[in-house]
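Below is one structure; the comments refer to it alone.
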Amino acid sequence: MDYEEKLAAILEEGTEETASRWLSEIEGEFGRAPLILKRMGERPEVLLSHLLYKNSVFETSHLDPKCIELISLAVGAALKCRHCVEYHIQAARTKGASRDEILEAILIAGLASNASVLADAYRVMDDEAPADACLSCDLQGSNGGPEPHRPGQE
């Protein structure tokens, strides 16, 4: 069913009925619907617009469904969203992901999360350092003495 047909079906069935049916279909496929979708379902227009957007991204993707779920799992792990991790592990398994693939996605999430923490902290540190400070000396604890090292002075 193309996008226009989906919109026409929503208009014909009604937003509340379509939202309820889509939640039931998700529960049927994955055994449960994520809490965020259930809460969005309290405002059917919000749920439908979210799922239309999500489905459009996935349906036009050049990535296979298993890869999409592994990426979603990694993002959920990096954001420290336990419920996202649980849901996307289950969804990845449904799409054929092995235990090793799931573990690799989690490890990659850890690398990205760690890099994000370091990059942000280092930027803050650099923003607070005097313009003429030598980061290497600063890290070694020798900056700020009577004769601070200045870049370009050897």
Side-chain angles (χ1 to χ4, degrees), residues 2-3 6 18-154:
D2 70 14
Y3 190 75
K6 286 180 188 176
T18 303
S20 178
R21 180 173 55 80
W22 285 6
L23 278 175
S24 294
E25 289 172 3
I26 291 167
E27 288 172 354
E29 184 176 356
F30 298 105
R32 65 190 170 104
L35 177 63
I36 61 169
L37 297 184
K38 289 179 183 178
R39 291 299 168 258
M40 286 179 183
E42 294 172 12
R43 295 182 57 197
E45 295 83 0
V46 173
L47 175 67
L48 294 177
S49 63
H50 173 78
L51 291 175
L52 283 168
Y53 172 69
K54 174 185 166 275
N55 291 339
S56 294
V57 170
F58 287 7
E59 290 170 6
T60 60
S61 177
H62 296 282
L63 301 172
D64 66 82
K66 178 176 79 172
C67 184
I68 291 170
E69 286 304 332
L70 290 170
I71 291 169
S72 299
L73 163 61
V75 170
L79 295 174
K80 300 177 186 169
C81 177
R82 180 183 181 88
H83 301 290
C84 296
V85 170
E86 290 172 353
Y87 180 82
H88 289 292
I89 284 175
Q90 183 178 3
R93 285 183 178 143
T94 300
K95 305 292 184 196
S98 68
R99 185 176 195 280
D100 286 340
E101 289 170 320
I102 290 168
L103 288 173
E104 285 179 34
I106 293 169
L107 285 170
I108 292 167
L111 289 171
S113 185
N114 182 48
S116 173
V117 167
L118 295 174
D120 186 56
Y122 289 153
R123 282 187 185 91
V124 169
M125 190 171 98
D126 285 352
D127 288 346
E128 295 197 4
D132 60 351
C134 171
L135 184 59
S136 178
C137 293
D138 208 28
L139 292 176
Q140 295 171 19
S142 60
N143 222 15
E147 295 287 331
H149 176 263
R150 307 248 189 258
Q153 292 179 346
E154 302 305 328

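As a basis for the values below, the full set of heavy atoms in this structure was taken, side chains included, without hydrogen atoms, waters or symmetry mates. Starting from 1, each residue takes its place in the sequence as its number.
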_Tell me whether the count of non-hydrogen atoms from other residues, nucleotides or ligands lying under 6.0 Å of NE2 in H83 goes above 12._
no

*asked:* Is there a side chain to side chain contact (heavy atoms under 4.5 Å, CB included) between L51 and L37? Walk through the geometry before answering.
replied: CA-CA 9 Å; L51 291 175; L37 297 184; 4.1 Å; yes

_Give me the atom names and distance for the closest heavy-atom approach of L70 to A105._
O-CB, 3.7 Å

*asked:* Just verifying a value: how many Å separate L47 CG and K54 NZ, rounded to the nearest 0.5 Å?
replied: 10.5 Å

_I26 to P34 - nearest heavy-atom pair and separation_ = CG2-CD, 4.2 Å

_Heavy-atom pair of closest approach, residues A33 and E27_ = N-CG, 3.4 Å

*Thinking salt bridges, do K6 and E59 make one under a 4.0 Å N-O criterion?*
yes

_One pair to check against side chain to side chain contact (heavy atoms under 4.5 Å, CB included): W22 and L52. What are the steps and the verdict?_
CA-CA 11 Å; W22 285 6; L52 283 168; 3.8 Å; yes

*Are the side chains of L79 and C84 in touch, meaning some heavy atoms are under 4.5 Å apart?*
no

*Got a second to check how far L63's CG is from I71's CD1, nearest 0.5 Å?*
5.0 Å

*Report the distance from atom CG of L73 to atom CD of E104, rounding to the nearest 0.5 Å.*
11.5 Å

*Charged N to carboxylate O below 4.0 Å: is that the case for R39 and E42?*
yes

_Looking at R21, I'd like to know if its CZ atom is crowded, meaning that more than 12 non-hydrogen atoms belonging to other residues, nucleotides or ligands lie closer than 6.0 Å._
yes

*asked:* side chain to side chain contact (heavy atoms under 4.5 Å, CB included), that's the test. Do R82 and E86 meet it? Break it down for me.
replied: CA-CA 6 Å; R82 180 183 181 88; E86 290 172 353; 3.1 Å; yes

_OH/Y122: more than 12 non-hydrogen atoms of other groups inside 6.0 Å_ = no

*Can you name the nearest heavy-atom pair linking A77 to A109, along with the distance?*
CB-CB, 3.8 Å

*Of all the heavy-atom pairs spanning K95 and E29, show the shortest one and how long it is.*
NZ-OE2, 3.2 Å

*Where the side chain of S72 meets the backbone of I68, is there a donor-acceptor pair that is under 3.5 Å apart?*
yes

*Distance, nearest 0.5 Å, that separates CZ of R32 from NZ of K38*: 8.5 Å

*Nearest 0.5 Å please: distance from the CD atom of E69 over to the CD1 atom of I102.*
10.0 Å

*Work out which heavy atom in G41 is nearest to a heavy atom in L23; give both atom names and the distance.*
CA-CD1, 4.3 Å

*Value rounded to 0.5 Å, distance of OG1 in T94 from CD in Q90*: 5.5 Å

